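Comments concern the structure below.
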Amino acid sequence: MTEINIRNPGIGNRTTQFLTGLPNAAGYLKIVEDLRKKKVLNEYSAFCFNLRGFGDVSRMYGQKEGDRIIKEYAIALENFLEPGEWAGHLGEDSFTALVKKTHRDSFIDFLAGVSVNVHAGDRKERVRIDAAAGVWDITGTVEDSREVIRRPSIALSHARHVLHQSVSFVTDEMVSSQSRSKNVLVGFRDALEHEEFYVYYQPKVDSRTGLLVGAEGLVRWKHNGEIVSPGIFIPPLEQSGEIRLLDYFVLQKTCTDILRWQAQGLEPVTVSVNFSRKDLEDPQLAENINNIIEECGVDKRLIEVEVTETVDTEEHGSLTEFIQKLYDMGIRTAIDDFGSGYSSLSTLREFAAHTLKIDRSFINTDDFSWKDEVILTGIVKIAEKLSMNVLIEGVEREDQLVFANNAGCYVIQGFYYDRPLPVEDFEKRLANKQYGK
Ligand code: C2E
Ligand code: MG
Ligand code: MG
């Protein structure tokens, strides 16, 4: 195997990355193949990792400085590894490593914060760069060297998009869900064309009067006679960016359903539809939503657009702008899943949203503490003072309803009243809006 001098990478060759001089994908696979033939791969943990927020650093300090930081990072990486351990650089901020299993945990600690110098004009600062990593503790016979990159990269994608945490270890379930995702992506366009997607409507009920006051449109995929839940097909569609097509479809379908109800003499309620944060990548998103509603000719007050919060500052900016645009167009918005994961009070201050949907995690417990009650009551009060409507999701039991009511939250969406219903069943609720309970 060639010795790699990363301090003098030169222009690189076919097996090294030109910037850092670390093995590139081809070079790294050669190393893996060598270890595989020696039958020692089982001594290793295989890593794939990305430097978090590196895009921001590059944008802030310029590409040249970004490249220099990557080189410095690569040197720190090489220095950390022990003899017989290997790193690879797949390009940009994407790296791989083969680390002895005994050294794996300290490598994870290392990835949590590598100090590098940043030159900002005349100033020189130390910045800690952390990485998101996927890990495979290699076991069994490895038939194909590419598995040593593929498996940890599945875990990496899981860490970033599903678990929202820095490190994730690959599981068999992740690997099979990866192939399920592939099937989703292959089948999606056909399914859309062949009308395999349906919108179910889940009632929202005012618990003070027992009246149906709204609904949420939730997508379902009827595939080979089975109903596939959004949890399966939405994540891959979000990753591929195709979720937008589905979200436009759901909005369109909801609008035509509302018009049909009116034509049948049923008095409709406001229906909310979900838009993924990924959809914000379309700069025309608000305009397209407005066009769909206006072309259908539905009263704008009968539609509400649901979005979830975000911790990403860039996304936060485009979300604020999106909500404001819809507000100016007279389209209502709701903040979905408020209080799940990272929530921030600035969301309430900055978003011109009409409705706050409080996440079920607030009531998804068997014993409510006084702290739960204080927090929920406080949120409801703040939202009301900001003239927002408040709703709580996921109420299944009487005690949860009582708890929500005590906190001042009366509009309920949950199995306690109804599950998401096929349109024919929902029409029956529209015909008689009074709930018995
Ligand atoms: P969400 O928007 O927060 O929708 C509420 C979810 O909670 C629904 O799951 C609903 O069935 C479930 N739910 C309602 N009441 C209860 C309850 O009392 N207990 C429990 N355990 N669950 C309850 P569903 O339909 O599986 O949808 C899951 C998520 O998928 C949605 O969460 C939403 O984020 C996403 N989704 C659904 N339809 C669409 C869509 O058309 N576009 C996009 N982008 N996302 C969608
Ligand atoms: Mg929702
Ligand atoms: Mg929700």
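These numbers were taken from a predicted model, which means no experiment stands behind them.
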Would the distance check show the side chain of Gln400 and the main-chain N or O of Arg397 forming a donor-acceptor pair, the cut-off being under 3.5 Å?
yes

Could you check whether atom CG of Asp172 has more than 12 heavy atoms from other residues, nucleotides or ligands sitting under 6.0 Å from it?
no

Could you walk me through whether Thr254 and Tyr201 pass side-chain contact (heavy atoms from CB on, under 4.5 Å), step by step?
CA-CA 9 Å; Thr254 302; Tyr201 295 96; 3.8 Å; yes

Stepwise ring-ring contact (aromatic ring centres under 6.0 Å, His included) check, Phe188 with Phe197:
CA-CA 10 Å; Phe188 171 66; Phe197 289 102; 5.7 Å; yes

Please evaluate residues Asp67 and Lys71 with respect to the criterion salt bridge (charged side-chain N to carboxylate O under 4.0 Å, His left out), reporting the C-alpha separation (whole Å), side-chain torsions for both, the decisive distance (0.1 Å), and the verdict.
CA-CA 6 Å; Asp67 285 354; Lys71 279 197 238 176; over 6 Å; no

Might you point out which heavy atoms bring Ser45 and Val135 nearest each other, and give the distance in Å?
CB-CG1, 4.1 Å

side-chain contact (heavy atoms from CB on, under 4.5 Å) between Val219 and Asp247, intermediate numbers included:
CA-CA 9 Å; Val219 72; Asp247 289 344; over 6 Å; no

Run the side-chain contact (heavy atoms from CB on, under 4.5 Å) check on Trp136 and Glu147 step by step: do they pass?
CA-CA 10 Å; Trp136 177 34; Glu147 288 296 296; 4.2 Å; yes

Would you say the side-chain atoms of Gln165 pair up with the backbone N or O of Val167, donor to acceptor, closer than 3.5 Å?
yes

Please state whether the rings of Phe110 and Phe80 are parallel, tilted or perpendicular, taking 30° and 60° as the class boundaries.
parallel

Quick one: CZ on Phe233 to CG on Asn183, what's the gap to the nearest 0.5 Å?
14.5 Å

For residues Gly91 and Gln17, report the shortest heavy-atom separation together with the two atoms involved.
CA-NE2, 4.1 Å

Can any side-chain N or O of Asp282 pair as donor or acceptor with the backbone N or O of Arg244 at less than 3.5 Å?
no

Is the number of heavy atoms from other residues, nucleotides or ligands within 6.0 Å of NZ (Lys381) greater than 12?
no

Rounded to the nearest 0.5 Å, how far apart are OG of Ser166 and CZ of Arg160?
12.0 Å

Can you establish whether the number of heavy atoms outside Arg146 located under 6.0 Å from its atom CZ is more than 12?
no

Go through the steps to decide whether Arg277 and Glu309 satisfy the test salt bridge (charged side-chain N to carboxylate O under 4.0 Å, His left out), and finish with yes or no.
CA-CA 8 Å; Arg277 283 206 308 269; Glu309 304 171 85; over 6 Å; no

Nearest-0.5 Å distance that lies between atom CG in Asp279 and atom CZ in Phe322
7.5 Å

Does a side chain donor of either Gln413 or Glu393 reach within less than 3.5 Å of an acceptor in the other side chain?
no

Any donor-acceptor pair under 3.5 Å from Ser369 side chain to Asp372 backbone:
yes

Side chain Asn50, main chain Arg52, donor-acceptor under 3.5 Å
no

Nearest heavy-atom approach of Gly408 to Val380 is O-CG1, 3.5 Å

Do other residues, nucleotides or ligands put more than 12 heavy atoms under 6.0 Å from the CZ atom of Arg123?
no

With a 6.0 Å cut-off on ring centres, are Phe95 and Tyr73 close enough?
yes

What is the minimum heavy-atom distance between Gly394 and Arg360, and which atoms define it?
CA-CB, 3.8 Å

Counting only N and O atoms by type, is there a donor-acceptor contact under 3.5 Å from the side chain of Thr377 to the main-chain atoms of Glu373?
yes

Backbone N/O of Asn42 and side chain of Lys101: donor-acceptor pair under 3.5 Å
yes

Under 3.5 Å, is there a donor on one side chain and an acceptor on the other for Asn291 and Glu287?
no

Are any non-hydrogen side-chain atoms of Ile234 and Ser276 less than 4.5 angstrom apart?
no

With no hydrogens and no angle check, is any side-chain donor or acceptor of Asn288 less than 3.5 Å from a backbone partner on Leu285?
no

Under 3.5 Å, is there a donor-acceptor pair linking the side chains of Asp337 and Thr308?
no

Got a donor-acceptor contact below 3.5 angstrom from the Lys37 side chain to the Val32 backbone?
no

Taking atom types as modelled, is there a side-chain donor on Glu398 or Tyr416 under 3.5 Å from an acceptor on the other?
yes

Look at the side chain of Asn24 and the backbone N and O of Arg14, then say whether any donor-acceptor pair between them is shorter than 3.5 Å.
yes

We want to know whether Thr171 and Glu173 form a side-chain donor-acceptor pair, criterion being a heavy-atom distance below 3.5 angstrom.
no

Is the charged tip of Arg220 near the ring of Tyr198: under 6.0 Å from the six-membered ring centre and within 45° of its axis?
no

Could you report the tightest heavy-atom contact between Trp86 and Leu81, atom names first, then the distance?
C-CD1, 3.6 Å

Would you indicate whether Arg419, at its atom CZ, is surrounded by more than 12 heavy atoms from other residues, nucleotides or ligands within a distance under 6.0 Å?
no

Considering the options Glu304, Glu216, Glu306, which one meets the side-chain hydrogen bond (donor to acceptor under 3.5 Å, both in side chains) requirement together with Ser272?
Glu306

Below 30° counts as parallel, above 60° as perpendicular, anything between as tilted: where do the rings of His223 and Trp221 land?
tilted

Give me the atom names and distance for the closest heavy-atom approach of Tyr61 to His119.
CD2-O, 4.3 Å

Please determine whether ring-ring contact (aromatic ring centres under 6.0 Å, His included) holds for the pair His316 and Phe351, giving the CA-CA distance in whole Å, both sets of side-chain angles, and the decisive distance to 0.1 Å.
CA-CA 10 Å; His316 186 87; Phe351 290 177; 5.2 Å; yes

Have His89 and Thr20 got a donor and an acceptor in their side chains that come within less than 3.5 Å?
yes

Is it the case that atom CD in Glu195 sees more than 12 heavy atoms from other parts of the structure closer than 6.0 Å?
no

State, yes or no, whether a side-chain contact exists between Glu242 and Leu185 at a heavy-atom distance under 4.5 Å.
yes

Roughly how far apart are Met174 CE and Gln178 CD, rounded to 0.5 Å?
11.0 Å

Other residues, nucleotides and ligands only: do more than 12 of their heavy atoms fall within 6.0 Å of CD on Glu92?
no

Report the residue from Leu326, Asp336, Ile323 that forms a side-chain contact (heavy atoms from CB on, under 4.5 Å) with Val307.
Ile323

What verdict does the side-chain contact (heavy atoms from CB on, under 4.5 Å) test give for Val199 and Val423, after you've listed the backbone C-alpha separation in whole Å, the side-chain angles of each residue and the deciding distance to 0.1 Å?
CA-CA 7 Å; Val199 182; Val423 64; over 6 Å; no

Go through Asp34 and Lys30 one step at a time and tell me if the salt bridge (charged side-chain N to carboxylate O under 4.0 Å, His left out) criterion holds.
CA-CA 6 Å; Asp34 195 49; Lys30 263 172 110 174; over 6 Å; no

Check the orientation of Phe107 and Phe47. Use parallel for under 30°, tilted for 30 to 60°, and perpendicular for over 60°.
perpendicular

Run Glu193 and Arg189 through salt bridge (charged side-chain N to carboxylate O under 4.0 Å, His left out) and show every step you take.
CA-CA 6 Å; Glu193 226 166 80; Arg189 298 261 175 156; over 6 Å; no

